[in-house]
Colleague: 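Have a look at this one.
Nothing here was measured: the structure is a model prediction, and the numbers come from that model. Here is how names work: the chains are called A, B, and so on, in the same order as the sequence lines, proteins then strands, and each is numbered from 1.
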Amino acid sequence: KQEVTQIPAALSVPEGENLVLNCSFTDSAIYNLQWFRQDPGKGLTSLLLIQSSQREQTSGRLNASLDKSSGRSTLYIAASQPGDSATYLCAVLWAGNMLTFGGGTRLMVKP
Amino acid sequence: DAGVIQSPRHEVTEMGQEVTLRCKPISGHDYLFWYRQTMMRGLELLIYFNNNVPIDDSGMPEDRFSAKMPNASFSTLKIQPSEPRDSAVYFCASRKAGPPYEQYFGPGTRLTVT
């Protein structure tokens, strides 16, 4: 069964810290992997998409890496800020057009 | 581009009533997806369309749920009759047919059934 797991479910860090969010998936034959951000009561905002042939993508203070052989992706957030507080969701696209989501990591950055 | 548009943003209804949620995908996108998000089950795919044709509705919970896409710029998700356990946030998403297959989500409709 194709599954996506995110651990931990919640994370609290002080402002300024560099942090890593983890995502693991069970089948390495992926098309792509997307990281989303969701603020409370809001929709999903796409942060980064890594295609199967890529190893990493960067956007500002965010860097996402992909290791298909180990079934892992990480989202690195540099110099965290209180505005980064949100839930971060990892989603994998395998053959079949359907995204499979992890349970998310709820991040709190304390001033 | 306005992004994926959903209406209404909030819906409160009584058990037994019919509820219709609406979605306008991004222009030029060939795929449209309907998801449901709850605290207990997270994000679940309900149904998706390709070129207005339903492709996979295996996630639709039961016959009370139905979805249509009469044209490339409009889709509806209908619940009849609604039940309290249908209370959730319903998201619509769309994407193009080719790579990188990036999905774009709408703001969601928060449904409360009392």
Colleague: Considering only heavy atoms, give the residues of residues 41-58 of chain A separated from chain B by less than 4.5 Å, sorted numerically, with 'none' for an empty result.
Modeller: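 Counting heavy atoms that sit under 4.5 Å from chain B, the residues of residues 41-58 of chain A involved are A/G41, A/K42, A/G43, A/L44, A/S46, A/L49, A/Q51.
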Colleague: Just list the side-chain donor-acceptor pairs under 3.5 Å for residues 60-68 of chain B, sequence neighbours left out, or say none.
Modeller:
| from | atom 1 | to | atom 2 | distance (Å) |
| --- | --- | --- | --- | --- |
| B/E62 | OE1 | B/R64 | NE | 2.9 |
| B/E62 | OE1 | B/R85 | NH2 | 3.3 |
| B/E62 | OE2 | B/R85 | NH1 | 3.3 |
| B/E62 | OE2 | B/R85 | NH2 | 3.2 |
| B/R64 | NH1 | B/P81 | O | 2.8 |
| B/R64 | NH1 | B/D86 | OD2 | 2.7 |
| B/R64 | NH2 | B/D86 | OD1 | 2.9 |
| B/R64 | NH2 | B/D86 | OD2 | 3.4 |

Colleague: Using a 4.5 angstrom heavy-atom cutoff, name the option from B/Q37, B/E44, B/R110, B/R41 with the most pairs to chain A.
Modeller: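 Greatest number of close heavy-atom pairs with chain A: B/Q37.
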Colleague: Using ring pair (Phe, Tyr, Trp, His ring centres under 6.0 Å), reason through A/F36 and A/F101 one step at a time and then give a plain yes or no.
Modeller: CA-CA 10 Å; A/F36 293 89; A/F101 283 83; 5.7 Å; yes
Colleague: Measuring heavy-atom distances to chain A, does B/Y31 have an atom under 4.5 Å in its side chain, in its backbone, in both, or in neither?
Modeller: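 Contact with chain A is through the side chain of B/Y31 alone.
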Colleague: With a 6.0 Å cut-off (strictly less than), is the heavy-atom count around OH of A/Y31, excluding the residue itself, greater than 12?
Modeller: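 Count not over threshold, so no.
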Colleague: In terms of hydrophobic clustering (I, L, V, M, F, W, Y; side-chain heavy atoms under 4.5 Å; direct or indirect links), are B/Y90 and B/I47 co-clustered?
Modeller: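 Yes, because B/Y90 and B/I47 connect within a single hydrophobic cluster, where side-chain heavy atoms sit under 4.5 Å apart.
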Colleague: Against chain A, label B/D56 side chain, backbone, both or neither, depending on which of its atoms sit under 4.5 Å from a heavy atom there.
Modeller: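 Answer is side chain: those atoms of B/D56 sit under 4.5 Å from chain A.
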Colleague: Do the rings of B/Y35 and B/F105 sit parallel, tilted or perpendicular, given the 30° and 60° boundaries?
Modeller: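 Ring orientation of B/Y35 relative to B/F105: tilted.
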Colleague: Under 3.5 Å, side-chain donor or acceptor atoms of residues 78-98 of chain A against the rest of the protein: list the pairs with distances, not counting sequence neighbours.
Modeller:
| from | atom 1 | to | atom 2 | distance (Å) |
| --- | --- | --- | --- | --- |
| A/S80 | OG | A/E17 | N | 3.3 |
| A/S80 | OG | A/E17 | O | 2.8 |
| A/D84 | OD1 | A/R61 | NH2 | 2.8 |
| A/D84 | OD2 | A/R61 | NH1 | 3.0 |
| A/D84 | OD2 | A/R61 | NH2 | 3.2 |
| A/D84 | OD2 | A/Q81 | N | 2.8 |
| A/S85 | OG | A/P82 | O | 2.9 |
| A/S85 | OG | A/V109 | N | 2.9 |
| A/Y88 | OH | A/D84 | O | 2.6 |
| A/W94 | NE1 | A/D27 | O | 2.8 |
| A/N97 | OD1 | B/R95 | NH2 | 2.6 |
| A/N97 | ND2 | B/Y48 | OH | 3.3 |

Colleague: Go through the atoms of B/F91 and report whether side chain, backbone, both or neither lie under 4.5 Å from a heavy atom of chain A.
Modeller: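 The side chain, not the backbone.
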Colleague: Using a 3.5 Å cut-off and no angle test, enumerate the donor-acceptor pairs between side-chain atoms of residues 9-18 of chain B and protein atoms at least two apart in sequence or in another chain.
Modeller:
| from | atom 1 | to | atom 2 | distance (Å) |
| --- | --- | --- | --- | --- |
| B/R9 | NE | B/G108 | O | 3.3 |

Colleague: For the backbone of B/P84 and the side chain of B/S87, can you confirm whether one donor and one acceptor N or O come within less than 3.5 Å of each other?
Modeller: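 Side chain of B/S87 to backbone of B/P84, a donor-acceptor pair under 3.5 Å: yes, one is there.
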Colleague: At a heavy-atom distance under 4.5 Å, which candidate from B/P99, B/G42, B/A93, B/P100 has the highest pair count against chain A?
Modeller: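 Going by pairs under 4.5 Å, I would pick B/P100.
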